[in-house]
Amino acid sequence: MALAGAVRCWRLGAGPSSLQMQALSLHMSKTAMGASQKDFESAMNQVKLLKKDPGNEVKLKLYALYKQTTEGPCNTPRPGVFDLINKAKWDAWNALGNLPKETARQNYVDLVSDLSSSDSSSQVKPEADRKQPGYETLVVTSEDSITKIMMNRPAKKNALTIQMYREIMLALEAASKDDSTIIVLTGNGDYYSSGNDLMNFMNIPPGEMEKEAKNGAILLRDFVGCFIDFPKPLVAVINGPAIGISVTILGLFDLVYASDRATFHTPFTHLGQSPEGCSSYTFPKIMGQAKAAEMLMFGKKLTAREACAQGLVTEVFPDSTFQKEVWTRLKAYSKLPRNTLHISKQSIRNLEKEKLHAVNAEENSVLQESPPKCGQIILTQVIRNHYLK
Ligand SMILES: CCC/C=C/C(=O)SCCNC(=O)CCNC(=O)[C@H](O)C(C)(C)COP(=O)([O-])OP(=O)([O-])OC[C@H]1O[C@@H](n2cnc3c(N)ncnc32)[C@H](O)[C@@H]1OP(=O)([O-])[O-]
């Protein structure tokens, strides 16, 4: 077959140990099965287009997965001791044991997809080329299979204007379709975000309040909806303090990395507002009822370490090494098989999607209809509605 030929053309050095191959096959056997024969054939063609030699270890993996997909478990005698190349290939194939053909096919497709994306991202483009045009309040860049969406109003502590909500939705929509593996939301300057821009509610002419409240609620519902439905791994890189809605939506992210300078504050009751971003459901689920109430109802500001202890933050890093450590970690994660990561994200999220949309709708109707001064009573009711029903 074409690929077997292409793989044979590569000169192989020493192969991986059989233990490594067993670990690989075990890991791969856990992944989802979904690639079709057509996906497999197109992956075989993609392999031929790679510009960078992927190295012997990867070639052996490709060879073994190809043989397992097309012929099943290894069924030929082991080549003699002096036939080094064929022996390494045989060992790689044999190490896959009884891995089902469908799983091998999926793993082959994932591996090629990963190789193709690192192949294209290895052709470094100048910074100006990587910055995506069309955003006024954000800087959006794609590199190393990571799309970074950076809120860019540092002078206003990245407070979220209506335009910024809209641009974040557009950037997420574009990122859901680009060839990135991981999407990051972060802030420029000393703050991650100071939450909703308080000017959004100012200068509303008398008589327009109801209409504006309704428009605001629709925008907020759609904004939160984008995070609920987002199909790829979503990471918050919290470079500094976070307030309000920038905190509440964190329950919808897959990873939250924070500088030890970051704080997490949801002063809703003080502002006469009720929680949004699905936090009335996600926070009690993440940190328990009592801790969630202290944050959402009584406005307790958490340090990064407290937020990590309560499960809202994945890991905290010293501010002096924050960017370096986080981006090194994310670049390593972005090399994982893209399709498999996306399938895993979706299967985790699909379990809760309906519930999250219902919570989002309920939080919005409360925000829209209730008089602000009832903030604290509303918070209690919204949280109870989810957990005591
Ligand atoms: C309905 C949707 C649901 C959403 C709910 C939420 O998010 S609730 C959460 C809602 N969020 C809040 O309640 C937070 C309100 N903000 C604050 O409490 C403080 O500004 C601070 C603690 C963020 C920073 O204090 P600091 O002493 O270090 O700095 P500083 O104060 O000098 O600020 C620098 C500049 O940024 C400006 N600016 C900052 N944030 C906002 C904002 N959100 N808006 C507008 N502007 C904002 C500030 O006016 C100033 O502008 P200037 O005068 O230079 O033209």
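Ligands are counted one by one from 1 in listed order, and the atoms in each one are counted from 1 as well. All of these numbers come straight from a predicted model, not from anything done at the bench.
Checked by atom type, the side-chain pair Glu306/Gln310 shows no donor-acceptor distance below 3.5 Å. Asn94 and Asp91 form no side-chain donor-acceptor contact under 3.5 Å, judged by distance and modelled atom types alone. Residues Arg338 and Ser113 bring a donor and an acceptor atom of their side chains to less than 3.5 Å of each other. The closest side-chain donor-acceptor pair between Glu352 and Tyr281 falls under 3.5 angstrom.
Under 4.0 Å is where a charged nitrogen must lie from a carboxylate oxygen, and between Asp190 and Lys157 at least one such pair does. Under a 4.0 Å N-O distance rule, the pair Arg329/Glu325 does not qualify as a salt bridge. With respect to Asp254 and Lys345, a salt bridge is recorded, a charged nitrogen being found less than 4.0 Å from a carboxylate O.
There is no protein heavy atom less than 4.0 angstrom from atom 50 (C) of ligand 1. Distance check for atom 31 (O) of ligand 1: every protein heavy atom is found at 4.0 Å or beyond. Distance check for atom 19 (C) of ligand 1: every protein heavy atom is found at 4.0 Å or beyond. At a distance under 4.0 Å, a protein heavy atom can be found next to atom 22 (C) of ligand 1.
For ligand 1, the atoms lying closer than 4.0 Å to a non-hydrogen atom of Gly244 are 6 (C), 7 (O), 8 (S), 9 (C). Near Glu276, with a cut-off below 4.0 Å to any heavy atom, the atoms of ligand 1 are 3 (C), 4 (C), 5 (C). Close contacts between ligand 1 and Gly195 involve ligand atoms 7 (O) [criterion: under 4.0 Å to a heavy atom].
Within the model, atoms CD1 of Ile245 and OG of Ser193 stand 9.0 Å from one another, a figure rounded to the nearest 0.5 Å.
In terms of protein heavy-atom proximity, atom 29 (O) of ligand 1 is nearest to Lys157 CE, 3.5 Å. Considering only non-hydrogen protein atoms, atom 42 (C) of ligand 1 sits nearest to Ala159 CB, 3.5 Å. Atom 45 (C) of ligand 1 has its closest protein heavy atom at Asp197 OD1, 3.1 Å. In terms of protein heavy-atom proximity, atom 43 (N) of ligand 1 is nearest to Asn196 O, 3.1 Å. Among all non-hydrogen protein atoms, the one lying nearest atom 15 (C) of ligand 1 is Leu198 CD1, 3.8 Å. In this structure, the protein non-hydrogen atom closest to atom 1 (C) of ligand 1 is Phe201 CZ, 3.5 Å. In terms of protein heavy-atom proximity, atom 35 (C) of ligand 1 is closest to Ala155 O, 3.2 Å.
In this structure, Gly277 does not count as a contact residue of ligand 1, since none of its heavy atoms falls inside 4.0 Å of the ligand.
Residue-to-ligand polar distances place Lys156 within reach of ligand 1: an N/O pair is separated by less than 3.5 Å. Residue Tyr165 places no N or O, backbone or side chain, under 3.5 Å from any N or O of ligand 1. By the 3.5 Å distance cut-off applied to N or O atoms, Tyr191 is not counted among the residues near ligand 1. Remark: ligand 1 and Ile243 share no N or O pair separated by less than 3.5 Å (distance only, no angle test). The shortest N or O to N or O distance between Met199 and ligand 1 is not under 3.5 Å.
Between Thr181 and Pro233 the shortest heavy-atom distance is O-CD, 3.3 Å.
In this structure, the side chain of Asp39 engages the main chain of Ser36 through a donor-acceptor pair within 3.5 Å.
Ring pair Tyr66/Tyr108 is tilted by interplanar angle, where 30° to 60° counts as tilted.
Other residues, nucleotides and ligands place more than 12 heavy atoms under 6.0 Å from the CG atom of Asn75. Crowding of Glu136 atom CD: a count of heavy atoms from other residues, nucleotides or ligands under 6.0 Å not exceeding 12.
At a heavy-atom distance under 4.0 Å, atoms from both the backbone and the side chain of Ser194 approach ligand 1. Only the side chain of Leu271 comes within 4.0 Å of ligand 1, judged by heavy-atom distances. Contacts between Ser246 and ligand 1 below 4.0 angstrom, taking non-hydrogen atoms only, are absent altogether.
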